[in-house]
Amino acid sequence: MQYFAMKILEAILKRLNIPIELWDKATGYSLSGRGTYHFTFNHFRPSVRARGLNIHKDSGWITILRSLEPGLEIFRKQEWIPILPKEDNFIVNFGCAMEILTRDTDIPVAAVAHRVTEQKERNLSDRFSYALFVDSSLDKELCEGLYRYHPTDGLLLEANFEEFLDNIVHKTYEKDTQGLY
Ligand SMILES: O=C(O)CCC(=O)C(=O)O
Ligand SMILES: [Fe+2]
């Protein structure tokens, strides 16, 4: 699964105008197996009266996601769009790190805002999903933080991880905050 994710990330980088010699550093060394890869399993139960997952953007580069049950929605052009599962598909989400890296380039990639609906609200049954998250290396000796690529200035340090993660956690999960990075 990690190898699969790294290959997808490489395929995405090929579509962007970032010099190849900067790719590994730009992605926090996640392209060469030195990033942070974590795998989660989710079980959303209809008996729990709460939204499955609050609106958020994933923090890292990409998330490879799979579920066979409906419930995932993405926010696009000011509306919530359900992502209907297909048996032979994985879903690939872009995260905040990708958005920051490409912000000043001619192909800016937006991190997708998404949520999982309450199962009972929609008369849905139990929902299961699993996902692999690809983030940068957290080894400070290797990787200072998140970079933004500028066509003339190259890689510019945007934020260290503490600042960035605090910002995301604060905005996503604390009451009365805007809700997104
Ligand atoms: O279960 C899903 O479809 C989405 C899970 C998700 O967004 C997450 O774990 O970050
Ligand atoms: Fe997510």
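One-based numbering along the sequence shown. Order of appearance sets the numbers: ligands from 1, and atoms from 1 within every ligand. What's counted below: heavy atoms across the whole structure, side chains too, no hydrogens, waters or symmetry copies.
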Student: So is R115 touching ligand 1 or not, going by heavy atoms under 4.0 Å?
Tutor: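 R115 does not count as a contact of ligand 1 under the 4.0 Å cut-off.
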Student: So for ligand 1, is S67 a polar contact partner (N or O within less than 3.5 Å, distance only)?
Tutor: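 No, no N or O pair falls under 3.5 Å.
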Student: Using modelled atom types and a 3.5 Å cut-off, is there a donor and acceptor pairing between side-chain atoms of R103 and backbone atoms of A110?
Tutor: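 It does not hold such a pair.
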Student: Could you list which atoms of ligand 1 come closer than 4.0 Å to a heavy atom of F133?
Tutor: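 By the 4.0 Å cutoff, the relevant atoms are 8 (C), 9 (O), 10 (O).
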Student: Heavy-atom distances under 4.0 Å decide this one: backbone, side chain, both or neither, for L65 against ligand 1?
Tutor: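 Within the 4.0 Å criterion, L65 contacts ligand 1 through side-chain atoms alone.
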Student: Would you say the ring centers of F128 and F44 fall short of 6.0 Å from each other?
Tutor: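 No.
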Student: Does any donor atom in the side chain of D135 or S30 lie under 3.5 Å from an acceptor atom in the other side chain?
Tutor: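 Distance-only check fails for D135 and S30.
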Student: Salt-bridged, R45 to D126, with N to O below 4.0 Å?
Tutor: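 Here R45 does not pair with D126 in a salt bridge, since their nearest N and O are not under 4.0 Å apart.
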Student: Show the atoms of ligand 1 that are less than 4.0 angstrom away from any heavy atom in N42.
Tutor: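 Listed by number with element: 1 (O), 5 (C), 9 (O).
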Student: Between the side chains of H150 and T152, does any donor sit under 3.5 Å from an acceptor?
Tutor: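 Per modelled atom types, H150 and T152 side chains form a pair under 3.5 Å.
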Student: Strictly below 4.0 Å, N to O, side chains only: are D139 and R34 in salt-bridge contact?
Tutor: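 No, this pair does not count.
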Student: Please could you name the atoms of ligand 1 that H114 approaches to less than 4.0 Å, counting only its heavy atoms?
Tutor: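 Contacts of ligand 1 toward H114, numbered from 1: 7 (O).
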Student: Suppose we measure from atom 1 (O) of ligand 1 to each protein heavy atom; which comes out shortest, and what is that distance?
Tutor: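 Looking at atom 1 (O) of ligand 1, the protein heavy atom closest to it is S129 OG, 2.6 Å.
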Student: If we count only N and O atoms by modelled type, under 3.5 Å, do the side chains of D58 and H56 hold a donor and an acceptor together?
Tutor: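 Looking only at side-chain atoms, H56 and D58 do form a donor-acceptor pair, the distance falling under 3.5 Å.
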Student: Look only at interatomic distance and state if D58 has a nitrogen or oxygen under 3.5 Å from any nitrogen or oxygen of ligand 1.
Tutor: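 N/O-N/O distance below 3.5 Å exists for this pair.
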Student: Have a look at ligand 1 and work out which part of N93, if any, has a heavy atom under 4.0 Å from it: side chain, backbone, both or neither.
Tutor: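 Near ligand 1, N93 shows nothing, with every heavy atom at 4.0 Å or more.
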Student: Provide, to 0.1 Å, the distance between atom 2 (C) of ligand 1 and the closest protein heavy atom, together with that atom's residue and name.
Tutor: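 Here the nearest protein heavy atom works out to R127 NH1, 3.4 Å.
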Student: Anything protein N/O/S under 2.8 Å from the Fe ion (ligand 2)? Just list residue and atom, please.
Tutor: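 For the Fe ion (ligand 2), the protein N, O and S atoms that sit under 2.8 Å away are H56 NE2, D58 OD1, H114 NE2.
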Student: We want to know whether W61 and S136 form a side-chain donor-acceptor pair, criterion being a heavy-atom distance below 3.5 angstrom.
Tutor: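 Checked: W61/S136 side chains pair up, N/O donor to acceptor below 3.5 Å.
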Student: With a 4.0 Å cut-off on N to O distance, would you call K140 and E162 a salt bridge?
Tutor: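 Salt bridge flag = yes for E162 with K140.
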Student: Between W23 (side chain only) and I18 (backbone N and O only), is there a donor and an acceptor less than 3.5 Å apart?
Tutor: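 Looks like yes, one N/O pair under 3.5 Å.
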Student: Under a 4.0 angstrom heavy-atom cut-off, which atoms of ligand 1 come close to F44?
Tutor: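 Matching atoms, with element in brackets: 1 (O).
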Student: Do me a favour and list the nearest non-hydrogen protein atom to atom 6 (C) of ligand 1 with residue, atom name and distance?
Tutor: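 The protein heavy atom lying closest is L53 CD2, 3.3 Å.
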Student: Are F39 and Y130 an aromatic pair, judged by ring center distance below 6.0 Å?
Tutor: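 Aromatic pair counts; centres sit under 6.0 Å.
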Student: Angle class for the F133/H38 ring planes (parallel below 30°, perpendicular above 60°, tilted otherwise)?
Tutor: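 The arrangement is parallel - the two ring planes meet at less than 30°.
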